[in-house]
Amino acid sequence: MNHVKIADRVIGPGHPPYIIAEMSGNHNGEIARAIALIDAAADAGADAVKMQTYTADSMTIDSTAPGFVIEGGLWAGRSLYDLYQEAATPYEWHPALFEHARKRGIALFSSPFDRAAVKMLDELGAPAFKIASFELNDLPLIRYAASFGKPLIMSTGLATLAEIEEAVETARQGGADGVILLHCVSAYPSDPRESNLRTIPHLSQAFQAPAGLSDHTHGTAVPTAAVALGASVIEKHLCLARADGGVDSAFSLEPEELRQLVVAARTAFDCLGEVTYGPTPGEGKGRDYRRSLYAVQDIAAGAAFTAENVRSIRPGLGLPPKHLDTVIGASASRDIKRGEPLAWPMVRLSEQR
């Protein structure tokens, strides 16, 4: 359960982080822009592109009654229906987008929001399904998506530990081919100080599943830090240019920033290594340049070693400095030139020692 495979890519501990570029509504209603976003993700080195598959009518109803109009935040004052209508990726685009992703060699999957979306995505060959944070409590949807035998990636924004447990059990019992959990703060954008990244290893341990981060902060610092804490998956919104606008552009990365994230995340993974002490292969002969005991004056045979003629200096070819107290007061067994490293055969210890 600690590893999941999506389109032949193994995801989990010990494997490089799986980087997902979230397109969301940043296509701005243009299929050419949606295709360009797939290209940008592939060019940046991301592993996958994720869409969202819904219609405004499958998400909500056209109403301005209390609860149907957003209060505060990036979309304050907009009705849910109008926002989803603008952000939706038309179903008729999906075949062309899946075909283009195949040509570019990048995985493409989506977040379905109803049974019809799940079925269509399965028919298009989506290698996985993503359950959005706000749908984590929709256990019937999770059960139906799981029944197709694909991996489920589930974001956990807003959810309690008990709600996550319900969702995971539903997915596993429903037949999902593995579960991946993404820690998430469902604020747009989110405050880095609320990221609580230590939740990621706890999620993985608690549910014996790969865990990662669906990130809504600005920039790349938070997701890079998440990899250092063991995140196996990073999901980040992508736009072509924030200046172009779009429903999610304000907290999305531009293509060059995504490329930087891919590099930083994989470097962070490579840095983790394993618990080790002592010199690494890259340190080479570095130990030779540590401190050791040297004659810093000419010393005649039989003369005593003193604080004036023996010192701890670099390089490290002589006796370790911890032996200085033993050497001082002993005598030289032979003539020693200034700059010679001390070795035990040169040292004649006094009888009192």
Side-chain angles (χ1 to χ4, degrees), residues 1-6 9-20 22 47-48 50 109 111 127-139 142-143 145-146 149-187 190-217 220-236 261 264-277:
M1 290 186 183
N2 281 324
H3 294 85
V4 173
K5 184 180 285 189
I6 296 178
R9 172 72 150 77
V10 178
I11 301 167
H15 296 273
Y18 190 76
I19 311 296
I20 303 170
E22 164 67 83
D47 296 287
K50 191 186 79 66
F109 51 89
S111 294
F129 297 126
K130 166 73 189 295
I131 302 298
S133 288
F134 290 86
E135 277 58 48
L136 195 71
N137 67 340
D138 191 343
L139 300 184
I142 293 173
R143 186 177 299 111
K150 300 177 187 288
L152 290 192
I153 304 172
M154 301 196 290
S155 281
T156 61
L158 306 169
T160 66
L161 194 62
E163 288 171 331
I164 298 170
E165 184 175 15
E166 281 187 320
V168 170
E169 287 304 308
T170 299
R172 286 175 171 162
Q173 293 174 9
D177 186 20
V179 170
I180 296 171
L181 296 173
L182 301 187
H183 176 56
C184 180
V185 178
S186 294
S190 61
D191 184 340
R193 293 168 296 183
E194 294 184 356
S195 295
N196 294 312
L197 296 180
R198 288 188 175 92
T199 307
I200 295 170
H202 183 267
L203 264 180
S204 181
Q205 182 180 27
F207 297 103
Q208 291 298 291
L213 176 69
S214 178
D215 183 54
H216 302 129
T217 64
T220 62
V222 171
T224 302
V227 174
L229 283 172
S232 294
V233 176
I234 297 295
E235 181 182 82
K236 192 78 173 173
L261 172 60
R266 291 180 179 153
T267 299
F269 171 79
D270 290 340
C271 288
L272 293 176
E274 58 188 12
V275 177
T276 183
Y277 298 97

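Contact between Pro17 and Phe269 at its shortest, heavy atoms only, is CD-CB, 3.5 Å. Heavy atoms only, all atoms of each residue included: Ser186 and His216 are closest at CA-ND1, 4.4 Å. Closest approach of Lys150 and Pro127 over heavy atoms only: CB-O, 4.0 Å. Minimum interatomic distance between Val10 and Lys5 (heavy atoms only, all atoms of both residues): CG2-CE, 3.9 Å. Residues Val4 and Gly178 approach most closely at CG2-CA, 3.9 Å, considering heavy atoms. Shortest non-hydrogen contact noted between Ala265 and Val227 is O-CG1, 3.3 Å.
Atom CG of residue Asp138 and atom CZ of residue Arg143 lie 9.5 Å apart, to the nearest 0.5 angstrom. To the nearest 0.5 Å, atoms OG1 (Thr224) and CG (Leu229) are separated by 11.5 Å. Distance check: Arg198 CZ to Asn196 CG gives 9.0 Å after rounding to the nearest 0.5 Å. Atom NE2 of His183 is separated from atom CD of Glu235 by 13.5 Å, given to the nearest 0.5 angstrom. Taken to the nearest 0.5 Å, the CD1 atom of Ile164 stands 6.5 Å off from the CG atom of Leu136. In this structure, CG on Asn2 lies 10.5 Å from NE2 on His15, to the nearest 0.5 angstrom.
Residues that satisfy the side chain to side chain donor-acceptor pair (under 3.5 Å) test with Ser111, not counting sequence neighbours, are Lys50. Contacts of Ser155 classified as side chain to side chain donor-acceptor pair (under 3.5 Å), with partners at least two apart in sequence or in another chain: Lys130.
Looking at Leu182 and Met154, their side chains never come closer than 4.5 Å, going by heavy atoms from C-beta outward. Side-chain contact between Leu213 and Ile200 is present, with heavy atoms from C-beta onward closer than 4.5 Å. Contact check for Leu261 versus Pro223: side-chain heavy atoms found under the 4.5 Å cut-off. The shortest side-chain heavy-atom distance between Ser232 and Pro13 falls under the 4.5 Å cut-off. Side-chain contact between Ile142 and Phe129: absent, with no pair of heavy atoms (C-beta onward) separated by less than 4.5 Å. Residues Arg9 and Asp47 are in side-chain contact: their nearest non-hydrogen atoms beyond the backbone lie under 4.5 Å apart. Between Val168 and Leu181 there is a side-chain heavy-atom pair separated by less than 4.5 Å. Side-chain contact between Glu135 and Ser133 is absent, with no heavy atoms from C-beta onward closer than 4.5 Å.
Applying the 6.0 Å contact sphere to CD of Gln205 captures no more than 12 heavy atoms from other residues, nucleotides or ligands.
Using a 4.0 Å cut-off between charged side-chain N and carboxylate O, Lys236 and Asp215 make a salt bridge.
Shown are Val233, Ile153, Ile20, Asp177; of these, the side chain to side chain contact (heavy atoms under 4.5 Å, CB included) with Ile6 is made only by Ile153.
Listed for the His3 side chain is no donor-acceptor partner under 3.5 Å among the backbone atoms of Pro210. In this structure, the side chain of Ser204 engages the main chain of Ala209 through a donor-acceptor pair within 3.5 Å.
Using cut-offs of 30° and 60° for the angle between ring planes, the Tyr18 and Phe109 rings count as parallel.
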Derivation of the side chain to side chain contact (heavy atoms under 4.5 Å, CB included) call for Leu158 and Glu163: CA-CA 9 Å; Leu158 306 169; Glu163 288 171 331; over 6 Å; no
